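Please read all numbers here as calculations on a predicted model, not as lab measurements.
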Amino acid sequence: METQLNSRMKKFLLVINCIILAIGNCGGPLITRLYFIKGGARIWLSSWLQTVAWPIVLIPLTISYFNRRRESRDKILSMVQNKSNNDNNDNTKVILMTPLIFVASIGIGVLTGVDNYLYAYGVAKLPVSTSALVIASQLAFTAAFAFLLVKQKFSAYSINSIFLLTLGAVVLALHANGDRPNGEPKREYVLGFIMTLGAAALYGLILPLFELLYKKAKQNITYTLVLEIQAVYCFFATGVCTTGMIINKDFQAMSREAKTFELGEGRYYIIIIWSAIIWQCFFLGANGVVFSSSSLVSGILITVLLPVTEILGVVFYGEKFTAEKGVSLVLSIWGFISYLYGDIKSSKKTKNQSPEQEMIDKICTP
């Protein structure tokens, strides 16, 4: 019964985190691009905004802490009333993570800070619809690193899905020059393309690192612990970007930039605030999906949502919808359907499997 309850809770968390990820994955690139096309030019500021809203995570962490205190108090009262001598530990520690997880979270945070800069640079130089499809190549990197780090198993459907989604990005890359914004130097456009591809590769490594951390951690991984990891790694990612902002004097430039912003000074700061909030949704959702399922599923969901971002870029910013983008979009949808079909087929097979066969499979699986 307890196992069934845990399974239901994981499915519930997976759905919630998918929704949070969708908000961040579609809204983040759009609001970042809005900042740049309306007069913003600070790349370190843009990368800083991707994780600076990490204190939001402290709200559910505080609620979780007081819930644990209340439950512990009720348990102690019950023991006293029943005159029980059970030696139950009082689970009211403010911080649950071990020093090992803390150090690992710092390392992931530093990598994320670098990834933020690479991504922000790409979005500054490329149309949203183009950068979104280049980021689709992240799935191939996620799959490769998941195989190397966490021994991810692949079915024929998942391999087909990865191939199609990656091919979609390649098709776009071969004809990307025709989508260069007016006035954008070719060198800057190409560099933006390379930086975006680098961001995809690095984040393709970061997702399996989270899964590896959860598997190797010598303690029970709860969603509260996931939120603690989220706060720590985003804090250090923000630290990397803050250092870049200080060196580049972005903090001093913000007030000057706000006064010349096309949409007005007030809306400049509104865009800054909402950019931070929406991007935190992306990182929280992606990390939560890794916890509830796997890094590969998180990578697939990110890639699947990219065509939505691409279409929104065309709708809101009037970006060109070229034939190459159309082909890439079709390949992305085809890849997602392939994975979804394989997952449904696998789930049906598991349900129809006898307990004896399931036990044999577990024993035979390394």
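- Using a 3.5 Å distance cut-off with no hydrogens or angles, the side chains of Glu262 and Tyr268 do not pair a donor with an acceptor.
- More than 12 heavy atoms of other residues, nucleotides or ligands shown are found within 6.0 angstrom of CZ on Phe261.
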Determine, stepwise, if the pair Tyr317 / Ile37 fulfils side chain to side chain contact (heavy atoms under 4.5 Å, CB included).
CA-CA 9 Å; Tyr317 301 145; Ile37 63 177; 3.8 Å; yes
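- Proximity of a side-chain donor or acceptor of Arg33 to a complementary backbone N or O of Ala124 within less than 3.5 Å is detected.
- Nearest approach of Ile278 to Gly27, heavy atoms of both residues: CG2-C, 3.6 Å.
- With hydrogens and angles disregarded, no donor-acceptor distance shorter than 3.5 Å links the side chain of Ser46 to the backbone of Arg42.
- Inter-residue side-chain proximity for Ile247 and Thr243 is flagged as met; some heavy-atom pair is nearer than 4.5 Å.
- A donor-acceptor pair under 3.5 Å links the side-chain atoms of Thr260 to the main chain of Glu257, judged by distance alone.
- Put simply, the side chain of Ser298 gets close to the backbone of Ala286: a donor and an acceptor are under 3.5 Å apart.
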Identify all side-chain donor-acceptor contacts of residues 216-227 below 3.5 Å with residues at least two apart in sequence or on another chain.
residue	atom	partner	partner atom	Å
Gln219	OE1	Thr98	N	3.1
Gln219	OE1	Thr98	OG1	3.4
Gln219	NE2	Leu96	O	3.0
Thr222	OG1	Leu225	N	3.3
Tyr223	OH	Asn17	OD1	3.1
Thr224	OG1	Ser64	OG	2.8

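- No side-chain heavy atom of Leu13 sits less than 4.5 Å from a side-chain heavy atom of Val289.
- Counting non-hydrogen atoms of other residues, nucleotides and ligands closer than 6.0 Å to CZ of Phe147 gives a total of 12 or fewer.
- In the hydrophobic clustering of ILVMFWY residues, with side-chain heavy atoms under 4.5 Å counting as a link, Leu164 and Val330 come out apart.
- Nearest heavy atoms, Ser47 versus Ala120: N-CB, 3.8 Å.
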Exercise answer: donor-acceptor pairs, residues 232-242 side-chain atoms, under 3.5 Å, sequence neighbours excluded:
residue	atom	partner	partner atom	Å
Thr238	OG1	Thr51	O	3.1
Thr238	OG1	Thr51	OG1	2.9
Thr238	OG1	Cys234	O	2.7
Thr242	OG1	Trp48	NE1	3.0
Thr242	OG1	Thr238	O	2.6

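- How far CG of Leu58 is from OG1 of Thr62: 6.0 Å, rounded to the nearest 0.5 Å.
- Note: Ile271 CD1 to Arg267 CZ = 8.5 Å, rounded to the nearest 0.5 Å.
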For Val327 and Leu331: C-alpha separation, side-chain torsions, deciding distance, then whether side chain to side chain contact (heavy atoms under 4.5 Å, CB included) applies.
CA-CA 6 Å; Val327 172; Leu331 288 170; 4.0 Å; yes
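- Between Tyr214 and Val290, the closest side-chain pair of non-hydrogen atoms falls below 4.5 Å.
- Within a 6.0 Å radius of CD1 in Ile159, more than 12 heavy atoms belonging to other residues, nucleotides or ligands are found.
- Put simply, NZ on Lys151 and CD on Glu211 are 12.5 Å apart, with the number rounded to the nearest 0.5 Å.
- At least one side-chain heavy atom of Ile101 sits less than 4.5 Å from a side-chain heavy atom of Leu213.
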Step-by-step side chain to side chain contact (heavy atoms under 4.5 Å, CB included) determination, Ser275 to Thr32:
CA-CA 7 Å; Ser275 181; Thr32 299; 4.1 Å; yes
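- Contact annotation: the side chain of Val123 never approaches that of Ile43 to less than 4.5 Å [non-hydrogen atoms, C-beta and beyond].
- Note that the CD1 atom of Ile16 and the CZ atom of Phe12 stand 4.0 Å from one another [nearest 0.5 Å].
- Taking hydrophobic clusters as Ile, Leu, Val, Met, Phe, Trp and Tyr residues chained together by side-chain heavy-atom distances below 4.5 Å, Ile273 does not share a cluster with Ile23.
- When all heavy atoms of Gly192 and Lys125 are compared, the closest pair comes out as CA-CB, 4.0 Å.
- At a threshold of 4.5 Å between side-chain heavy atoms, the hydrophobic network of Ile, Leu, Val, Met, Phe, Trp and Tyr places Val15 and Ile20 in two separate groups.
- Annotation: Tyr119 is in aromatic contact with Trp279 [ring centroid separation under 6.0 Å].
- With Gln138 contributing its side chain and Gly204 its backbone, the two residues share no donor-acceptor pair below 3.5 Å.
- By the 6.0 Å contact criterion, CZ on Phe316 is open, its count of non-hydrogen atoms from other residues, nucleotides or ligands being 12 or less.
- When all heavy atoms of Ala276 and Val52 are compared, the pair lying nearest together is CB-CG1, 3.7 Å.
- Between the CG atom in Leu207 and the CD1 atom in Ile302 there is a gap of 5.0 Å [rounded to 0.5 Å].
- Cys26 SG to Leu312 CG: the interatomic distance, rounded to the nearest 0.5 Å, is 6.0 Å.
- For the pair Glu265 (side chain) and Lys259 (backbone), a donor-acceptor distance under 3.5 Å is absent.
- Counting heavy atoms from C-beta outward, Tyr35 and Leu45 have side chains that approach closer than 4.5 Å.
- Cluster membership check: Leu100 does not share its hydrophobic cluster with Ile106, using side-chain heavy-atom separations under 4.5 Å among Ile, Leu, Val, Met, Phe, Trp and Tyr.
- With no hydrogens or angles considered, a side-chain donor-acceptor pair links Tyr121 and Glu188 at under 3.5 Å.
- No single ILVMFWY cluster, assembled from side-chain heavy atoms under 4.5 Å apart, contains both Leu284 and Ile59.
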Assess whether side chain to side chain contact (heavy atoms under 4.5 Å, CB included) is satisfied between Asn116 and Phe283, documenting all intermediate values.
CA-CA 11 Å; Asn116 287 353; Phe283 286 106; 3.4 Å; yes
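- For the residue pair Gln280 / Gln230, a side-chain donor-acceptor distance below 3.5 Å is found, with atom types taken as modelled.
- Between Phe282 and Tyr203, a ring centre-to-centre spacing shorter than 6.0 Å is recorded.
- Considering every non-hydrogen atom in both Asn25 and Leu305, the closest pair reads ND2-CB, 3.1 Å.
- Leu139 is listed as a side-chain neighbour of Leu296, based on a closest heavy-atom distance under 4.5 Å.
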